[in-house]
> 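Once you've had a glance at the structure underneath, I'll fire off some questions.
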Amino acid sequence: MTEYNLCILPGDGIGPEVIQEAVRVLNTLAETSNEIIEFNYTYGDIGYGAYQKLGNPLPEETLEKVKTADATLFGAVTTPPNIPNYSSPILGLRKHFDLFVNLRPCVSMPHPTSKDNINITIFRENTEGLYSKVEHVDKDENGVVTRAVTERIITRKSSERIIRHAFEYAKTNNISKVTVVHKANVLRETCGLFRVVAQEVAQNYQDIEMQEMLVDNCAMQLIRAPEQFQVIVTTNLFGDILSDEASMLVGGLGMACSGNIGTDTAIFEPVHGSAPDITGQEKANPIATLLSAKLMLDHLGLTNEANKLENAIKKAMQNNMLTPDLGGNLTTAQVTDNIIRILKES
Ligand code: IPM
Ligand code: MG
């Protein structure tokens, strides 16, 4: 028997609603697997709820649970706008565990809002850039802020490891082109370094073409001709923006999944937020979280289970078993029930 210790961080809003569905699906996969698999779950507090309960959105015990797990599945968190020094715990987790890869696949799905022939994998640097948190302000004699600065920190080390990761992914998956997205014509030092490192890394992959693209052009090309992209690698904020944009090519945030991957651990999460406007209404689309669980299964080496889950999700979508955001009329649990039924039949 192979046991997997999973840390589950439901979070706020619809986070617990979609996470609960993922756990049901994981249990079904374990039950129906040809191998003997057991998933053990350890739940942790995170987000605004944790802050209200324990005074900290990212408690020490939660860090310990993530650290000792084989992988973590994260729901969503609410970030209250008016609490000074409050920082989103997902950013804290990425930094604390040095989860330098933010993996965001955008793949065609069987739904009218998804374009065909899209298979783009975005690798977003996840630890630095404009997310450095190195910020300061100047104030005038009345204490009014007159100037604000955020340092955009790009290091050779972090650029190299994310770019290498993207090229390795391309090599493993027989992909012939990696698009490196930057703005080195203006951000000469920061993007300039990212670009130079990319050129160096690309030297080790003679069979893979390295294409360079300025970020504004990339944003436009993603809408004009998205089929041209296979692997995109870019810095933190550019990746944040481009991945939300790219998700709209294949059905939107209700289906966008992601992985935060480091050397020691990995955290998988739907790209969407905690959606307080629909919390408690049984409307949340569980698919983004189920696809994130699929990425987690791949990461754990459970490729058969990952493929089974992806196929079941697609089949349920083809049969129009959907939540209202995708034009269906099923509840969160009903969508999952159908996916579970398909898994049991397959
Ligand atoms: C994402 C989110 C986060 C980010 C927010 C919640 C801090 O937008 O995961 O893309 O900016 O990285
Ligand atoms: Mg984002």
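For ligands, and for the atoms within them, numbers begin at 1 and follow the listed sequence. Just so it is clear, the structure is predicted and the values come from calculations on it, not from any experiment. FYI, the numbering just counts along the sequence from 1.
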> Provide, to 0.1 Å, the distance between atom 8 (O) of ligand 1 and the closest protein heavy atom, together with that atom's residue and name.
D240 OD1, 3.3 Å
> Name the closest protein heavy atom to atom 3 (C) of ligand 1, giving the residue it belongs to and the distance to 0.1 Å.
R94 NH1, 4.2 Å
> Assign the ring pair Y48 / Y86 to parallel, tilted or perpendicular, where the plane angle (0 to 90°) is split at 30° and 60°.
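Judged by the thresholds at 30° and 60°, the geometry between Y48 and Y86 is perpendicular.
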> So is R152 actually on top of F194's ring, under 6.0 Å and inside 45° of the axis?
no
> By atom name, which N, O or S atom belonging to D240 lies closest to the Mg ion (ligand 2)?
OD1
> Among V107, L222, V250, which one satisfies side chain to side chain contact (heavy atoms under 4.5 Å, CB included) with I118?
V250
> Ignoring hydrogens and geometry, is there a side-chain-to-backbone donor-acceptor pair from S132 to E151 under 3.5 Å?
yes
> Would S88 count as a polar contact of ligand 1, with the cut-off being nitrogen or oxygen pairs under 3.5 Å?
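No; the residue has no nitrogen or oxygen that sits under 3.5 Å from a nitrogen or oxygen of the ligand.
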> Should the pair R24-E21 be classified as a salt bridge under the 4.0 Å nitrogen-to-oxygen rule?
yes
> Less than 4.0 Å from atom 1 (C) of ligand 1, is there any heavy atom belonging to the protein?
yes
> Whether the K315 and S346 side chains hold a donor-acceptor pair (N or O, under 3.5 Å, no angle test) is what I'd like checked.
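No pair is found: no donor N or O on one side chain lies under 3.5 Å from an acceptor on the other.
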> Tell me, please: is V271 in heavy-atom contact with ligand 1, that is, under 4.0 Å?
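Not so, V271 does not reach ligand 1.
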> So which heavy atom in the protein is nearest atom 4 (C) of ligand 1, and how far is it from that ligand atom?
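Here the closest protein heavy atom is Y131 OH, 3.4 Å.
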> Please work out whether any backbone atom (N, CA, C, O) or any side-chain heavy atom from C-beta onward of H272 is under 4.0 Å from ligand 1, and answer side chain, backbone, both or neither.
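Neither; nothing of H272 gets under 4.0 Å from ligand 1.
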> In the protein, which heavy atom is nearest to atom 5 (C) of ligand 1, and how far is it?
I90 CG2, 4.8 Å
